[in-house]
Amino acid sequence: FDAGGQPGDALVLDNGGGIFTTGTHTFVNANDGSVNVHDGTNNSTITYTGLAPVIDNSAGADYVFDFTGLAETIVLQDDTGTLQGYSEIDSTLGELVTFLDPNSITITSSGASGSDTININAFDNTASGGGSLNPSVTVNASDNGDTININAVTGSGTYTINGGTG
């Protein structure tokens, strides 16, 4: 999907009633990447260029966010608007993704070089779209000396931090 790089060119994933069980977002740079959606049996991958932003309405899904850029700052937080049940993840080198009610969130820093800063802030856990009130959060750091800041814990889900060797 080539959005042409115009502001407001959005990719909206509408799961049609909860058919996506996993959404894996891979970021190449600030406007390019891919998302793989899985319905429990089938996989489909959408590769995009020139986007701003991605909205993922896969309520109750397990979300995976893979950041592959150089040194960057990644932030997980409640959406900056007033959408009930939505959270967002953004980075200095990846596309903004607003997503609905996760069962789980996995953040992977797999950049080839540079240390990342990953900030986990309070995010929405209202479960208005069918997700968990207490989603688990996993952070997989790279071997490049990443910094992980847990600024708030949302709900009582498990937080797992896997540090790299750097």
Side-chain angles (χ1 to χ4, degrees), residues 1-16 19-81 83 85-121 123-124 129 131 135 137-149 161-164 166:
F1 176 73
D2 184 356
Q6 301 301 314
D9 291 338
L11 172 63
V12 178
L13 302 170
D14 192 353
N15 69 344
I19 60 171
F20 300 150
T21 57
T22 305
T24 301
H25 295 262
T26 302
F27 306 95
V28 175
N29 59 41
N31 302 106
D32 303 338
S34 65
V35 59
N36 178 277
V37 290
H38 187 1
D39 67 2
T41 304
N42 301 302
N43 286 309
S44 296
T45 300
I46 301 165
T47 301
Y48 57 84
T49 59
L51 274 182
V54 176
I55 301 168
D56 192 334
N57 292 318
S58 304
D62 296 316
Y63 292 99
V64 178
F65 301 100
D66 187 10
F67 295 88
T68 63
L70 302 173
E72 61 190 308
T73 299
I74 300 163
V75 179
L76 170 65
Q77 63 189 12
D78 191 8
D79 73 292
T80 54
L83 296 172
Y86 284 86
S87 298
E88 65 186 24
I89 192 162
D90 199 4
S91 87
T92 52
L93 296 177
E95 186 56 68
L96 168 68
V97 176
T98 302
F99 58 97
L100 179 62
D101 284 343
N103 280 330
S104 68
I105 301 167
T106 300
I107 301 168
T108 300
S109 168
S110 59
S113 63
S115 60
D116 294 335
T117 299
I118 302 169
N119 295 312
I120 308 295
N121 298 330
F123 56 91
D124 201 320
V137 176
T138 302
V139 177
N140 299 311
S142 72
D143 294 335
N144 298 317
D146 294 343
T147 300
I148 301 163
N149 299 307
I161 308 301
N162 300 311

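Note: hydrogens, waters and symmetry copies are ignored here, and every other heavy atom, side chains too, is used. Here the structure is a predicted model, which means the values were calculated and not measured. Numbers here are sequence positions counted from 1.
Although no hydrogens or angles enter the test, the distance criterion places no donor-acceptor pair under 3.5 Å between the side chain of Tyr63 and the main chain of His25. Remark: the backbone N or O of Thr73 is paired with a side-chain donor or acceptor of Thr92 at under 3.5 angstrom. With Thr98 contributing its side chain and Glu88 its backbone, the two residues share no donor-acceptor pair below 3.5 Å. Remark: side-chain polar atoms of Asp32 are paired, donor with acceptor, to backbone N or O of Gly50 under 3.5 angstrom.
Evaluated for a side chain to side chain contact (heavy atoms under 4.5 Å, CB included) with Glu72, the options Asn29, Asp116, Ile118 yield exactly one hit, Asp116. For the side chain to side chain contact (heavy atoms under 4.5 Å, CB included) test with Val139, the passing option among Ile161, Leu76, Asp146 is Ile161; the others fail.
Counting heavy atoms from C-beta on, the side chains of Ile105 and Phe123 come closer than 4.5 Å. Looking at heavy atoms from C-beta onward, Thr106 lies in side-chain contact with Asn140 at the 4.5 angstrom threshold. Considering only heavy atoms from C-beta on, Ile107 stays 4.5 Å or farther from Ile148 through its side chain. Inter-residue side-chain proximity for Leu11 and Glu95 is flagged as unmet; no heavy-atom pair is nearer than 4.5 Å.
Considering every non-hydrogen atom in both Ala71 and Ser115, the closest pair reads CB-O, 3.3 Å. Heavy-atom minimum distance, Gly85 versus Leu100: O-CD1, 3.5 Å. Between Tyr86 and Asp56, the closest heavy-atom pair is CE2-O, 4.4 Å. Here the closest heavy-atom approach between residue Ser142 and residue Ser109 is recorded as CB-O, 3.0 Å.
Remark: Leu13 CG to Asn57 CG distance equals 7.5 Å, nearest 0.5 Å. Here Phe20 contributes atom CZ and Asp39 contributes atom CG; the two are 7.5 Å apart, rounded to the nearest 0.5 Å. Distance CG/Asp62 to OG1/Thr21: 7.0 Å, rounded to 0.5 Å. Note that the CG atom of Asn119 and the OG atom of Ser91 stand 11.5 Å from one another [nearest 0.5 Å].
Every residue meeting the side-chain contact (heavy atoms from CB on, under 4.5 Å) condition with Asp78, not counting sequence neighbours, appears here in chain and number order: Asp124. Applying the ring pair (Phe, Tyr, Trp, His ring centres under 6.0 Å) criterion to Phe27, with sequence neighbours excluded, gives Phe67. The side-chain hydrogen bond (donor to acceptor under 3.5 Å, both in side chains) search around Thr45 returns Asn36, not counting sequence neighbours.
Side chains of Thr108 and Asp66: no donor on one and acceptor on the other come within 3.5 Å.
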Stepwise side chain to side chain donor-acceptor pair (under 3.5 Å) check, Tyr48 with Asn31: CA-CA 8 Å; Tyr48 57 84; Asn31 302 106; over 6 Å; no

